[in-house]
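Here the structure is laid out as structure tokens; the discussion comes afterwards.
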Amino acid sequence: MEKNYTIIIGDSNTLILQALSAMIEKDSRFSLVATARTAEGFLDTCLRVPVDVGILEWDIPKLGAAHLLQILRDRADAPRIVVYASSTDQNVTRSAMMAGAAGFCPRDAQQEQLLDVASSVAAGRMVFPFVDLRNLQQDPRDKLTAREKDMLTALARGRTNSQLASELDISINTVKFHLRNLYDKLELKNRAQAIAFFYSLDLSNRQTSTRD
């Protein structure tokens with residue numbers, strides 16, 4: 001008998017939530033626990049209710065999927081997460097993988113395919129499209145200038161724009177300019193995702209060093 005997995009969906013678009021919910025209710029593999037339009041709502045449910053698997057929009061407000069995954073990944077009772085995103089760029093797939101996702105599906109895929117990925121992930125498998133392993137071995141921070149690397153590190157220490165301007169002896173407008181470039185190069189949306197990215201990469205590097 002096929003196992004029935006509990007599932008939660010996180011997406012900022014109400015119509016997508018309704019469509020996915022309708023499909024899940026017809027799919028004997030799943031029991032829908034909750035839907036959420038924000039990362040905070042998704043997290044709140046996961047902390048209160050045992051859930052097997054989650055389907056999560058990469059750009060979900062306000063925390064973003066990367067930061068949410070960072071919070072959940074150290075919890076033994078956290079659901080296994082399938083991320084889906086509009087972009088199929090390997091950097092997005094790589095970021096989702098490094099943040100702790102168990103699967104990835106492009107947003108333009110058929111909804112049936114997304115549920116198939118969720119079922120596989122719930123059963124304990126990792127499901128990702130092809131990613132060039134040579135790119136995985138590269139540090140994405142290599143794309144940043146020295147000033148942008150300094151700013152990323154300072155962001156991870158919780159510095160505000162005013163503090164960054166003071167520490168780097170530049171104007172707040174220049175800080176904002178560098179931050180926009182940093183976000184664009186790393187394909188991030190905001191400060192929270194940049195902080196999550198920094199710590200996910202730092203953790204990955206420490207784990208690699210330990211294995212070596």
Residue pairs involving residues 156-171 (criterion salt bridge (Lys or Arg N to Asp or Glu O under 4.0 Å); sequence neighbours excluded): Arg157-Glu167, Arg159-Glu167
Does Gln193 have any side chain to side chain donor-acceptor pair (under 3.5 Å) partners at least two apart in sequence or in another chain, and if so, which? none
Please identify each residue that fulfils side chain to side chain donor-acceptor pair (under 3.5 Å) with Asp77, with sequence neighbours left out.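 So Asp77 forms a side chain to side chain donor-acceptor pair (under 3.5 Å) with Arg75.
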Please verify the inter-ring angle class for Phe30 with Tyr5; under 30° counts as parallel, over 60° as perpendicular, anything in between as tilted.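 Tilted, since the angle between the ring planes falls between 30° and 60°.
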Pairing residues for Lys185 by the salt bridge (charged side-chain N to carboxylate O under 4.0 Å, His left out) criterion, not counting sequence neighbours: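 Residues passing salt bridge (charged side-chain N to carboxylate O under 4.0 Å, His left out) with Lys185: Glu148.
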Partner residues of Asp116 under the salt bridge (charged side-chain N to carboxylate O under 4.0 Å, His left out) criterion, sequence neighbours left out: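 Applying salt bridge (charged side-chain N to carboxylate O under 4.0 Å, His left out) to Asp116 gives Arg29.
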Please tabulate, one pair per line, all N/O donor-acceptor pairs under 3.5 Å involving side-chain atoms of residues 171-178, not counting sequence neighbours.
{"residue": "Ser171", "atom": "OG", "partner": "Thr174", "partner atom": "N", "Å": "3.1"}
{"residue": "Ser171", "atom": "OG", "partner": "Thr174", "partner atom": "OG1", "Å": "2.9"}

Minimum heavy-atom separation for Arg48 and Pro50, please, with both atom names.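 Closest pair (atom of Arg48, atom of Pro50, distance): O-CD, 4.2 Å.
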So which heavy atom on Leu164 is nearest to which on Met151, and how close? CD1-CE, 4.0 Å
Do we see a donor-acceptor contact under 3.5 Å between the side chains of Ser95 and Glu187?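 No, because no side-chain N or O of Ser95 sits under 3.5 Å from a partner of the opposite role on Glu187.
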In this structure, are over 12 heavy atoms from other groups packed under 6.0 Å from Lys62 atom NZ? no
Any heavy-atom pair between the side chains of Leu179 and Asn161 that's under 4.5 Å? yes
